[in-house]
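Hydrogens, waters and symmetry mates play no part in the numbers below; they use all other heavy atoms, side chains included. Atoms within a ligand are numbered from 1 in the order they appear, just like the ligands themselves.
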Amino acid sequence: MARITAGLTSSHVPAIAAAWDQGRADEDYWRPVFAGFDWTKKWLAEHMPDAIVLVYNDHASAFSLELIPTFAIGCADRFEIADEGYGPRPVPAVEGHADLAWHIAQSTILDEFDMTIINKLDVDHGLTVPLTLMFGQPEAWPTKIIPLAVNVVQFPPPTGNRCYMLGQAIRRAIESFPEDLDVQVWGTGGMSHQLQGPRAGLINKEFDTAFLDRLTADPEALRKLPHIDYVREAGSEAIELVMWLVMRGALGEHVRELYRFYHVPTSNTALGHIVLEPTN
Ligand code: DHB
Ligand code: FE
C-alpha cells in the first residue's frame, strides 16, 4: 500500500523564480533565502518520495474569473509550465502520476469532496517556485507531482477546517492505493503578505511564528481560524495559508517537526518553510 512519509510547506513568491532564473541566487539579498532550503535539499535527496501531492493555487494562469474550482486535481501524465506574461519559466515540465491522481480523485469524491478533475493544466509559480527551492535546476524534476489546486484567489476560498478535512481524505485515499509508494504532501503559499492597497507589504512575524508553532503542535486551533483573522492579522494574501492545512490534515494527529525556516523580507512577503514527519 502507499503511505504518506512526510509533509512540507513553502512560500511560492514569484520573485524567487526571477532571481533563480536570472542567475542572481548568489546576490546578498537572495543568498540567505536559498540557503534556508539547503537542509531540506539534502534531506530530500535521502528521502525522495515516489510522488508528491503538491497543494498550490493557480494565479489566473490556467484558470480565470470564468472558471474557479474550489478544489481541483491534475490527473494528467504531464503538466506544461504556464506563461505568466514573460514567457514560461525555463524549468522542466512536470511529470504527473495519473494512476494515483485518478485514485485520489475517485476516493475523495466518493468521500464526499466535490473535486474537479483536470486533464490539461499549465502550472504557474505557485507550483514551480517550491520545486526550484527544493530541487534546484535539474534536467527533469526528480519525482512525480500531482498538482492539487485550491481557490484562494477569489472570495470565498474554502475554510481552513475544510482544507484540513480534505487533507484527511487525501490520506485515506493514499493509504488505499494498492501500490507500494512513498508519497509526500506539500502545501504552498503564505506567509503574511498583502500585495495591494494601503496595507501592501504588511508582514506580521508574531502571527507567522504562532502559525508555524500551531501547525506542528496544535492544528486543531488553526482549523477554527476564520478567514477574517488571516486577512486582518497577516494581510489579504495570507489566506493562502489555508493550503498548509491540507498538508497538515494529511499527516495525521501527531507529527515531528524536522526543520523550519522563516525569512523576512522576501520581495513583499514573509517567507516560511517547515518539514514535518508523521509519528502516528
Ligand atoms: C507575490 C505573488 C504571490 O502569488 C505570492 O504568493 C507572493 C508574492 C508577488 O507578486 O510578489
Ligand atoms: Fe501566491
- prompt: Would a distance-only check, ignoring hydrogens and angles, find a side-chain to backbone donor-acceptor pair under 3.5 Å from Ser192 to Ile203?
  reply: no
- request: State whether the side chain of Arg248 and the backbone N or O of Glu253 hold a donor-acceptor pair below 3.5 Å, judged by distance alone.
  value: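 Yes, Arg248 side chain to Glu253 backbone: donor-acceptor pair under 3.5 Å.
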- request: Can you label the angle between the Trp43 ring and the His47 ring as parallel, tilted or perpendicular, going by 30° and 60°?
  value: parallel
task: Report the residue from Tyr259, Trp244, Tyr262, Phe261 that forms a ring pair (Phe, Tyr, Trp, His ring centres under 6.0 Å) with His273.
output: Tyr259
May I ask you to list the atoms of ligand 1 that are less than 4.0 angstrom from any heavy atom of [X]?
| X | value |
| --- | --- |
| Glu240 | 4 (O), 6 (O) |
| His193 | 5 (C), 6 (O), 7 (C), 8 (C) |
| Thr269 | 7 (C), 8 (C) |
| Asn268 | 11 (O) |
| His12 | 4 (O), 5 (C), 6 (O) |
| Leu195 | 1 (C), 2 (C), 8 (C), 9 (C), 10 (O), 11 (O) |

message: Listing request: all side chain to side chain donor-acceptor pair (under 3.5 Å) pairs with a residue in residues 123-136, at least two apart in sequence or in separate chains.
response: His59-Asp124, His59-His125, Ser61-Asp124, Glu84-His125, Arg89-Thr128, Arg89-Thr132
Residue and atom name of the nearest protein heavy atom (relative to atom 4 (O) of ligand 1), distance in Å to one decimal: His59 NE2, 2.7 Å
- prompt: What protein heavy atom is closest to atom 1 (C) of ligand 1, reported as residue, atom name and distance in Å?
  reply: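 The closest heavy atom on the protein side is Pro14 CD, 3.3 Å.
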Cation-aromatic face contact Arg162/Phe113, 6.0 Å, 45 degrees: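 Pair Arg162/Phe113 counts as cation-pi.
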message: Counting C-beta onward and ignoring hydrogens, is there a side-chain heavy-atom pair between Met191 and Leu241 closer than 4.5 Å?
response: yes
field: Non-hydrogen side-chain atoms of Ile16 and Leu133 separated by less than 4.5 Å
entry: yes
field: Modelled atom types, side-chain donor and acceptor of Asp182 and Thr5, under 3.5 Å
entry: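 The criterion, which ignores hydrogens and geometry beyond distance, is not satisfied for Thr5 and Asp182.
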message: Using a cut-off of 2.8 Å, how many protein N, O or S atoms sit around the Fe ion (ligand 2)?
response: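 My tally for this metal is 3.
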field: Residues Asp111 and Arg172 bridged, charged N to O under 4.0 Å
entry: yes
